[in-house]
Amino acid sequence: MRDAVAGLALAALGVAYLVEAYDMPVGTWEEPGAAAFPLLLGWSLLLGATLLAARGLHLALRRRRRTGTATGNGPPVTLAQLGGPGLIVTVSVAGVLLMSQVGYMAGALLLFGATMIVLGARRPLLVGTVAALATLATDLLFRGWLGVPLP
Amino acid sequence: MGLFDNLLAGFAVALTPGNLAAALAGAVLGTLVGVLPGIGPIATMSLLIPLTFSMDPTTAIIMLAGIYYGAMYGGSTTAILVNVPGESTSVITAIDGYQLARQGRAGAALAVAAVGSYVAGTVSVVGLMLLAPALARAALEFGPPEYFALIVFGFVVLSRLARGSPLKALLMGVLGLMLSTVGMEPVTGYQRYVFGALHLLGGIDFVPVVMGLFGVAEILALAGAPAGTTEVRAPRFRELWPNAEEWRRSVKPWLRGGLIGFLIGIVPGPAAILAPLASYAVEKRLARRPEEFGRGAVEGVAGPEAANNAAAGGAFVPLLALGIPFAPATAVLLGALMIHGIRPGPLLMQQHPELFWGVVASMYVGNLMLLVLNLPLVGVFASCLRIPRPYLLSSVLVLTIVGAYSVNNAFADVWILLAFGVLGYLMRLVEFDPAPLVLALVLGPMLETSFRQSLIMARGDALIFVQRPLSAMFLVLAALLLITQLAAARRTLDPTARRAL
């Protein structure tokens with residue numbers, strides 16, 4: 001069933017992409033316009049995604065008929081597979097927002113420390129020390145030595 | 001003067017203390033920018049051009065060239081260790097390199113990559129020395145229809161190589177091409193899919209996309225996996241080097257990759273990206289155990305690594321022999337040469353033999369330096385995997401954020417990085433390989449430009465793609481590959497599923 005869902009999502013993307021493409025100048029065969037290539041791509045994605053969705057649905061139904069339980073195309077996605085990554089994304093968004101508002105040091109310190117904890121580090125003193133040292137080291141390396149501008 | 005007299009004179013130039021120091025500085029800086037994701041060789045070379053104003057032109061080009069091929073060495077390190085390709089050329093290396101690292105063979109993979117880069121660098125220098133003028137003229141036979149056909153062929157090859165279903169790989173390729181249409185279109189400058197965001201006018205940058213799809217997605221995957229199921233095993237001391245079997249299996253891929261990379265490198269276009277892809281295809285085709293590819297085949301590291309370095313050397317052929325840069329990095333080198341009052345081209349060898357042969361000889365010396373520098377560092381790099389996972393991965397996350405920000409000094413690139421990180425993770429859950437998307441994003445503008453230029457050239461006659469011999473050859477090869485792929489898929493599926501295809 002995962003392939004069917006992925007196929008449908010890609011097909012929807014293809015439709016949205018095509019809607020925008022039809023607003024652009026198509027041109028002629030002699031002189032193709034800005035829409036020519038996007039139209040070719042949009043229809044290719046729509047066709048391929050529909051094929052993928054149909055195949056995924058067909059295989060899932062066939063497996064269900066055989067076993068009565070399985071949904072096909074591998075095991076279903078579980079909440080546990082989304083919880084940890086969701087936390088990392090939340091921490092990253094918070095860290096980047098802090099960087100953009102306060103500056104690199106504050107954002108990086110939060111990113112280092114919070115990511116370590118989410119990924120399983122359990123000793124607060126060590127986490128704090130490593131996060132502070134890593135923040136200083138990256139600032140020194142990029143801003144101080146390589147001359148890369150930081151937020 | 002004969003060829004060897006010229007080469008000897010070149011070594012006399014390259015081995016002066018000043019030029020040796022320039023080659024060493026370039027090689028070290030290049031390795032560093034290759035290892036650090038986001039800061040590419042092009043940006044580094046551009047930033048350092050002002051430093052070369054006071055240098056002799058030969059010394060300046062030796063240092064800038066060292067940064068270029070040094071980055072090719074360094075780019076593979078993060079691809080192998082943490083699945084973050086430092087450069088677009090290392091995307092293919094990440095496929096099997098990272099799998100080897102997960103099996104505790106990170107040291108072996110890094111050593112195979114380093115020696116392969118040296119072998120290929122040498123192959124390309126010899127090729128540059130012997131064949132530069134003739135090959136450069138042949139490369140000019142490539143027009144828009146040939147580019148179009150070559151890139152189409154590259155996509156079909158890629159759909160065979162990607163992990164999982166070829167249909168999914170082709171869909172990811174199309175998605176990458178769609179992303180490449182964001183921004184001002186290449187022929188008339190019309191704004192597409194920008195939605196008022198000024199940052200998108202220049203298109204979606206490759207760096208945040210690749211770091212998101214590979215690096216951030218890898219961190220998210222590790223965070224979402226049950227403990228103990230996705231550990232990357234740190235190598236033991238005796239495992240730091242390839243074993244006899246791995247050395248034996250690497251020799252032919254190095255040589256083949258070197259040759260393939262050089263020949264593709266002299267062809268105008270994104271050679272450094274296509275060359276590893278072609279080498280990977282060849283190695284998979286020739287392998288005794290092709291099923292190992294994607295799961296940690298040493299040939300999957302040896303061939304592509306050799307190919308991307310040889311392609312970097314090959315790209316010097318059209319630059320030095322014709323004065324035409326076909327890659328962004330060689331365009332920066334051309335700019336540096338012109339700043340120093342030198343116009344590369346057919347007369348360069350006569351007017352500035354010390355520069356031409358000095359650069360050729362310095363590339364050989366530089367490759368040797370890189371090998372000497374990198375082999376002892378294999379243990380140091382591989383030991384990074386001993387750092388506990390939370391500490392290592394948090395550093396990778398912050399480095400990717402800094403790398404994405406440094407592309408344009410804009411937070412928009414950081415948001416793109418995070419968005420593609422989430423997309424990359426979701427793609428893993430539904431078993432889509434991100435490599436075709438990344439390569440399509442890079443090749444998309446060239447594919448579109450060559451497609452439209454071909455039709456304009458032929459006044460709308462699409463038969464132009466099959467009327468020109470080289471273009472027809474690539475398209476026929478692509479069609480044959482697709483047909484054999486479909487036939488193989490039908491053989492492996494049962495009758496019900498076959499009907500569903």
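Within a 6.0 Å radius of CH2 in B:W415, more than 12 heavy atoms belonging to other residues, nucleotides or ligands are found. Within 6.0 Å of atom CG in B:L463, more than 12 heavy atoms from other residues, nucleotides or ligands are found, so the atom counts as buried in its surroundings. Around CD of A:E30, the count of heavy atoms belonging to other residues, nucleotides or ligands within 6.0 Å exceeds 12.
For B:L397, the part lying near chain A is the side chain, with the backbone staying farther off; criterion is any non-hydrogen pair under 4.5 Å. For B:I401, the part sitting under 4.5 Å from any heavy atom of chain A is the side chain, from C-beta outward, and nothing else. Of the two parts of A:L52, the backbone and the side chain both hold a non-hydrogen atom closer than 4.5 Å to a non-hydrogen atom of chain B. When heavy atoms are compared at a cutoff of 4.5 Å, A:L97 approaches chain B by way of both its backbone and its side chain. Using a 4.5 Å cut-off between heavy atoms, B:I456 contacts chain A through both its backbone and its side chain.
Considering all non-hydrogen atoms of both residues, B:P390 and A:A121 come closest at CG-N, 3.7 Å. Taking each heavy atom of A:A6 and B:F432 in turn, the nearest pair found is CB-CE1, 3.6 Å. Heavy atoms only, all atoms of each residue included: B:L455 and A:W29 are closest at CB-O, 3.7 Å. Scanning all heavy atoms of the two residues, the minimum distance from B:Y190 to A:D23 falls at OH-O, 3.8 Å. Pairing each heavy atom of A:L119 with each of B:S394, the nearest pair is CD1-N, 4.4 Å. Closest approach of A:A34 to B:E448, counting heavy atoms only: O-OE2, 4.4 Å.
Heavy-atom pairs under 4.5 Å with chain B were tallied for A:G27, A:G7, A:A35, A:S100; the largest tally goes to A:S100. Of the residues considered (A:V93, A:T28, A:L13), A:V93 shows the highest number of contacts with chain B, using heavy-atom pairs under 4.5 Å. For chain B, the option among A:A21, A:A36, A:G33 with the highest count of heavy-atom pairs below 4.5 Å is A:G33. Taking chain B as the reference chain and counting heavy-atom pairs below 4.5 Å, the highest number among A:E31, A:M99, A:E20 is found for A:E20. When the candidates A:A131, A:P25, A:S44 are compared by the number of heavy-atom contacts under 4.5 Å with chain B, A:P25 comes out ahead. With chain A as partner, the option from B:R459, B:R452, B:M427 having the largest number of non-hydrogen pairs under 4.5 angstrom is B:R452. Per-residue counts of heavy-atom pairs under 4.5 Å with chain A were compared for B:D461, B:L175, B:N409, B:V422; the largest is that of B:N409. In terms of heavy-atom pairs under 4.5 Å with chain B, the best-connected choice from A:V127, A:V5, A:V96 is A:V96.
Partners of B:Y391 under the ring-ring contact (aromatic ring centres under 6.0 Å, His included) rule, at least two apart in sequence or in another chain, do not exist in this structure.
Taking the six-membered ring where tryptophan is involved, the planes of B:Y193 and A:Y17 are essentially parallel, since the angle between them stays under 30° and well short of 60°.
For residues 123-139 of chain A, the set of pairs meeting the side chain to side chain donor-acceptor pair (under 3.5 Å) definition, not counting sequence neighbours, comprises A:Y104-A:T138, A:D139-A:R143.
Atom CG of B:L170 is separated from atom CG of A:L45 by 11.0 Å, given to the nearest 0.5 angstrom. Here A:F37 contributes atom CZ and B:L447 contributes atom CG; the two are 4.0 Å apart, rounded to the nearest 0.5 Å.
In this structure the side chain of A:I88 never reaches within 4.5 angstrom of the side chain of B:Y425, judged on heavy atoms. In this structure the side chain of A:V89 never reaches within 4.5 angstrom of the side chain of B:L418, judged on heavy atoms.
Between A:P85 and the choices B:L426, B:L220, B:L429, the side-chain contact (heavy atoms from CB on, under 4.5 Å) rule is met once, by B:L220.
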